[in-house]
Structures are given as structure tokens and as C-alpha cells.
Amino acid sequence: MWCQRLAWLLRGRRGSAGRRWPWLPRGPGPVLAVPARCHPTAPASPCCAWQLHQDHLELRYGSTVMRLDFVWLRDHCRSASCYNAKTSQRSLDTASVDLAIQPQAVRVDETTLFLTWPDGHVTRYGLEWLARNSYEGQKQQVMHPRILWNAEIYQQAQVPSIDCQSFLETDEGLKEFLQNFLLYGIAFVENVPPTKEDTEILAKRISIIRETIYGRMWYFTSDFSRGDTAYTKLALDRHTDTTYFQEPCGIQVFHCLKHEGTGGRTLLVDGFHAAEQVLHQAPEHFELLAKVPLKHEYVENVGGCHNHMIGVGPVLNVYPWNNELYLIRYNNYDRAVINTVPHDVVRRWYHAHRALTAELRRPHNELWVKLKPGKVLFVDNWRVLHGREAFTGYRQLCGCYLTRDDVLNTARLLGLQA
């Protein structure tokens with residue numbers, strides 16, 4: 001493998017005119033201090049080469065071409081005076097960095113980029129670190145590895161449930177559970193005592209319980225004690241919960257404590273799998289669903305419960321740098337009046353919504369499970385839609401919402417990518 005090592009010395013304030021790779025900048029500004037040469041590197045070292053422009057450094061490392069702004073390079077310096085390695089926090093005052101800053105000298109060896117700034121401060125970056133943390137590097141990476149599924153894919157995977165004792169008492173059991181949850185968006189724990197108290201202990205193992213207008217831990221029956229269709233015996237179509245919160249609840253926990261009757265199976269659908277199908281079949285529909293903001297609303301006036309919640313956001317939420325989907329907000333029950341979409345867009349939005357709904361309702365995407373006492377279901381409410389078939393008799397569930405940040409924090413502390 002080869003590394004093109006170029007040493008440049010900046011004289012004056014002006015930079016390169018920025019000719020495209022591999023041409024070297026000419027004219028006033030950067031001066032070639034050492035002739036361009038090719039040097040052999042260690043066999044495992046990717047090819048690297050670099051070029052200065054007026055306001056940024058263009059660096060090729062392996063197959064990644066990075067364009068690194070000089071202010072960004074000064075701001076992210078990891079020296080002891082600029083970054084506290086003990087707290088993993090920036091010490092440098094970003095507002096003190098000259099927005100026209102240029103390095104006085106640049107050097108690259110097989111593994112490291114060195115920049116000397118006008119005040120003599122030296123910044124060092126590992127090339128691997130830059131490849132991971134540059135914009136171009138992040139575009140190639142997935143934030144959250146997942147396995148998208150329909151019913152057949154999930155059933156063939158034979159994802160195991162985790163025993164309650166292993167979940168509560170061992171890091172191995174907890175890690176296996178979280179790995180399943182992160183990959184599939186659902187996970188089960190078995191042999192849980194069928195009480196609200198034991199369900200709460202289970203939930204607190206991975207997260208702080210998120211208290212909402214429904215309380216911390218809730219009992220769920222068909223007594224219509226709350227102004228919501230869920231508190232009936234009727235079937236519920238697939239949906240995500242709390243779309244009317246500005247930040248929908250991240251994880252939902254379900255535990256069926258008792259059911260004396262028939263029906264009541266739980267429906268689970270991987271919303272990301274359905275959205276992926278829309279992206280492949282009609283990318284313009286995916287783009288529209290990811291850009292158009294909608295209002296979702298919850299109005300309640302039942303007994304002593306009086307609430308009026310409004311959440312705003314698109315149906316699909318993606319990271320803008322890599323177009324990775326991270327949240328689906330889909331609830332036809334709670335979608336409010338569409339008054340955030342102009343006339344020339346609204347009909348196209350309905351077509352896009354219909355395409356996504358058709359995918360979500362395809363029978364082969366539906367996973368039906370029967371919740372029973374002792375088996376607790378965790379659902380990623382930002383990804384997996386849930387529903388319910390109608391039922392007869394007395395059916396009681398308990399559960400709660402968990403804070404997404406805390407679940408992902410627990411996963412990262414166990415060495416998982418989350």
C-alpha cells in the first residue's frame with residue numbers, strides 16, 4: 001500500500017485556489033515545502049493523500065475523501081488544553097476560534113494528521129478517527145444496526161426470549177435481551193411473576209420509567225376509564241403510541257396479567273421494514289413522508305382526566321446526513337386536522353401515506369402474538385407498530401413507557417452499538 005506524503009507550509013493569509021485532486025494548488029498562498037513523493041507504508045495502512053484549499057483540507061484516506069473545514073479542525077482538537085479526556089468534554093471555547101483561521105503548517109504520516117496553527121498550537125488527529133468522525137465517514141455508517149423483518153423473517157430467526165432471572169441477575173442475560181431488542185425492535189422476557197410490582201422491577205433494570213399523563217405504571221382494562229379506544233374491547237389497528245407528544249415515548253412495556261375470554265392477540269408490524277419497501281418502490285413517497293410535518297392531537301375529558309396534547313412531526317424521521325430512518329410517527333386515530341400542508345402537496349401526501357399504509361397492512365408483515373401472564377413484551381415505539389384484535393371477557397394488562405435515552409445508555413455500557 002502507498003501513502004502520498006505532502007508537507008505544506010502556509011505563508012500569508014490566503015489559501016489554495018482549490019484545484020481538484022490530484023492537482024496541487026498553484027499561485028500565491030500555500031507553498032510546496034517538500035516535493036511530492038510516494039512512500040511505502042505498512043501493509044495494513046490505507047492509501048492517503050491530501051490537498052489544501054482556501055478554507056479546508058481535502059484528505060483522502062482509503063476510499064473516503066474528506067473535506068475538513070479549518071475551523072472544524074481547530075474546534076475538535078483533542079490536545080490536553082482543548083479537550084478534557086477524563087470527562088470527554090470540550091475545554092476549548094469555540095467562540096474564541098478565528099472563523100478565518102488557517103493552519104501555518106500541515107503534515108501527514110501513515111497514521112496521523114498534524115496541524116500547526118498561527119499561535120503555535122499543534123493539533124494531532126488519527127486518520128482512522130477522522131475517517132470515522134468526518135461528515136463523509138458518517139454518511140457511510142449506520143447509527144443503529146437493525147434487522148428489518150416481516151412475520152416469516154422474524155419467525156425463522158427464532159429469536160429467544162430471556163428468562164426473568166437471567167435478565168435481572170446477569171449482564172449476559174441483559175445484554176442478549178438488549179441485542180435482540182436493538183436488532184428487531186421487540187424483545188420478550190419470560191417467567192415474570194404476573195404482578196404490576198414485578199413488571200416495574202423488570203422495567204427499571206434497563207431504564208428510568210417515563211411518567212406521562214397515564215402515570216408511571218398503569219393497569220389497562222376495557223372499562224373506558226380513559227378517553228382512548230385502547231380502553232375498550234374493540235380491535236385496534238396498527239399504530240405507534242403518543243404521537244401527540246413532541247417526543248413520542250421510546251419504549252413500551254406490556255404484561256398481560258389476566259385474560260378470561262377469547263381473542264385479544266397482539267399485532268406487531270416492523271414500520272421500518274414497511275418504510276424501506278416504500279423507499280425502494282416509490283422514493284418520492286418516502287421523501288414526502290419524511291419532510292411534511294403533521295399535527296397529532298389527544299383531547300381527553302373523562303372523569304377527572306383532562307388533557308389536550310399536541311405533537312408535531314413528519315410520519316418518517318431520518319438523519320439528514322445518511323437518510324437513516326430513526327422514528328416512525330404513525331397513528332390514524334390521533335392524527336389531527338391536516339392544516340400544515342399546502343394545496344399543491346396535500347394530495348401527493350395522501351398518495352404517499354396510502355403507499356405506506358398498504359405496506360403496513362400486508363398480511364405477510366403482520367406478526368401476531370398471544371400475550372400471557374408471565375411473558376413481558378418490550379416494543380420500540382419509534383419503530384414497531386402494535387395493534388390488537390377484539391376480545392371477549394375480562395382482560396387486564398399492566399405496563400409503562402421507558403425513556404429511550406436510558407435504554408440506549410444501558411446498551412452502550414454493555415458494549416453494544418446503540
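Position 1 is the first residue of the sequence; numbering continues from there.
- Counted by atom type alone, Asn332 and Arg335 present one or more donor-acceptor pairs between their side chains at under 3.5 Å.
- Between Ser81 and His121 there is a side-chain heavy-atom pair separated by less than 4.5 Å.
- Taking the six-membered ring for Trp, His239 and His386 have ring centres closer than 6.0 Å.
- Remark: the Gln252 side chain and the Asp241 side chain contain an N/O donor-acceptor pair separated by less than 3.5 Å.
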Exercise. I would like to know whether Leu202 and Cys164 meet side chain to side chain contact (heavy atoms under 4.5 Å, CB included); could you show each step before the answer?
Key: CA-CA 8 Å; Leu202 201 73; Cys164 178; 4.0 Å; yes
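- Side chains of Ile201 and Leu168 form a contact here, defined as non-hydrogen atoms less than 4.5 Å apart.
- In this structure, Gln141 and Ala131 approach most closely via the heavy-atom pair NE2-O, 4.2 Å.
- Under the 3.5 Å distance criterion, with hydrogens and angles disregarded, no donor-acceptor pair is assigned to the side chains of Thr240 and Asn331.
- Closest heavy-atom contact between Leu73 and Leu68: CD1-O, 3.7 Å.
- Between Phe286 and His280, the distance from one ring center to the other does not fall under 6.0 angstrom.
- Nearest heavy atoms, Leu327 versus Phe272: N-CZ, 3.7 Å.
- Arg361 contributes atom CZ, which lies 10.5 Å from atom CG of Leu356 (distance to the nearest 0.5 angstrom).
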Quiz item: side chain to side chain contact (heavy atoms under 4.5 Å, CB included) between Val315 and Val292: does it pass, once the steps are laid out?
Solution: CA-CA 8 Å; Val315 174; Val292 174; over 6 Å; no
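- Figure legend: cation-pi geometry between Arg347 and Tyr350 absent, as NZ or CZ is not positioned both under 6.0 Å from the six-membered ring centre and within 45° of its axis.
- In this view, Glu324 and Arg146 satisfy the salt bridge (charged side-chain N to carboxylate O under 4.0 Å, His left out) rule, not counting sequence neighbours.
- When ring centroids are compared, Tyr330 and His296 stay outside the 6.0 Å threshold.
- Aromatic pair Tyr214/Trp218: ring centres not closer than 6.0 Å.
- Inspection of the Glu297 and His308 side chains reveals an N or O donor paired with an N or O acceptor under 3.5 Å.
- None of Asn339, Ile338, Asp344 except one satisfies the side-chain contact (heavy atoms from CB on, under 4.5 Å) rule with Val341; the exception is Ile338.
- Taking 4.5 Å as the limit, every side-chain heavy atom of Cys256 sits out of range of all side-chain heavy atoms of Lys370.
- The structure places CG of Leu113 at 6.0 Å from CG of Leu57, a figure rounded to the nearest 0.5 Å.
- In this structure, Asn307 CG and Asn301 CG are separated by 8.5 Å, a value rounded to the nearest 0.5 Å.
- Of all heavy-atom pairs spanning Met217 and Ile209, the tightest one is SD-CD1, 3.8 Å.
- The number of heavy atoms from other shown groups lying within 6.0 Å of CD (Gln165) does not exceed 12.
- The line from CZ of Arg329 to CG of Leu316 is 11.5 Å long, rounded to the nearest 0.5 Å.
- A salt bridge does not link Arg210 to Asp406: none of the charged side-chain nitrogens sits closer than 4.0 Å to a carboxylate oxygen.
- Checked options Leu385, Asp380, Asn381; the residue passing with Arg383 is Asp380 (criterion: side-chain contact (heavy atoms from CB on, under 4.5 Å)).
- Stacking of Arg90 on the aromatic ring of Tyr83 is not recorded, the 6.0 Å distance cut-off and the 45° axial limit not both being met.
- What you find for Gly263 and Phe391 is that their closest heavy atoms are C-CB, 3.8 Å.
- In the model, Glu300 has a side-chain atom that pairs as donor or acceptor with a side-chain atom of Tyr298 under 3.5 Å.
- Taking 4.0 Å as the cut-off between side-chain N and carboxylate O, Arg404 and Glu247 do not count as a salt-bridged pair.
- Taking the six-membered ring where tryptophan is involved, the planes of Trp382 and Tyr326 are tilted, since the angle between them lies from 30° to 60°.
- The distance from the CG atom of Leu174 to the CD atom of Glu169 is 12.0 Å, given to the nearest 0.5 Å.
- Side-chain atoms of Tyr401 and Val253, non-hydrogen and from C-beta on, never get closer than 4.5 Å to each other.
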Quiz item: Run the side chain to side chain donor-acceptor pair (under 3.5 Å) check on His144 and Tyr319 step by step: do they pass?
Solution: CA-CA 11 Å; His144 308 288; Tyr319 295 126; 3.1 Å; yes
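- Using the six-membered ring where Trp is involved, His76 and Trp129 have ring planes that are tilted, between 30° and 60° apart.
- Closest non-hydrogen pair, Ser134 versus Met66, comes out as OG-CG, 3.3 Å.
- Using a 4.0 Å cut-off between charged nitrogen and carboxylate oxygen, Glu136 and Lys139 do not count as a salt-bridge pair.
- Heavy-atom neighbours of Ile310 CD1 from other residues, nucleotides or ligands within 6.0 Å: above the threshold of 12.
- Below 30°, between 30° and 60°, or above 60°: for Phe167 and Phe378 the angle between ring planes is between 30° and 60°, a tilted geometry.
- Here Lys196 does not pair with Glu200 in a salt bridge; the nearest charged N to carboxylate O distance is not below 4.0 Å.
- For the residue pair His364/Asn150, the side-chain donor-acceptor check at 3.5 Å is not satisfied.
- Contact check for Thr112 versus Leu127: no side-chain heavy atoms found under the 4.5 Å cut-off.
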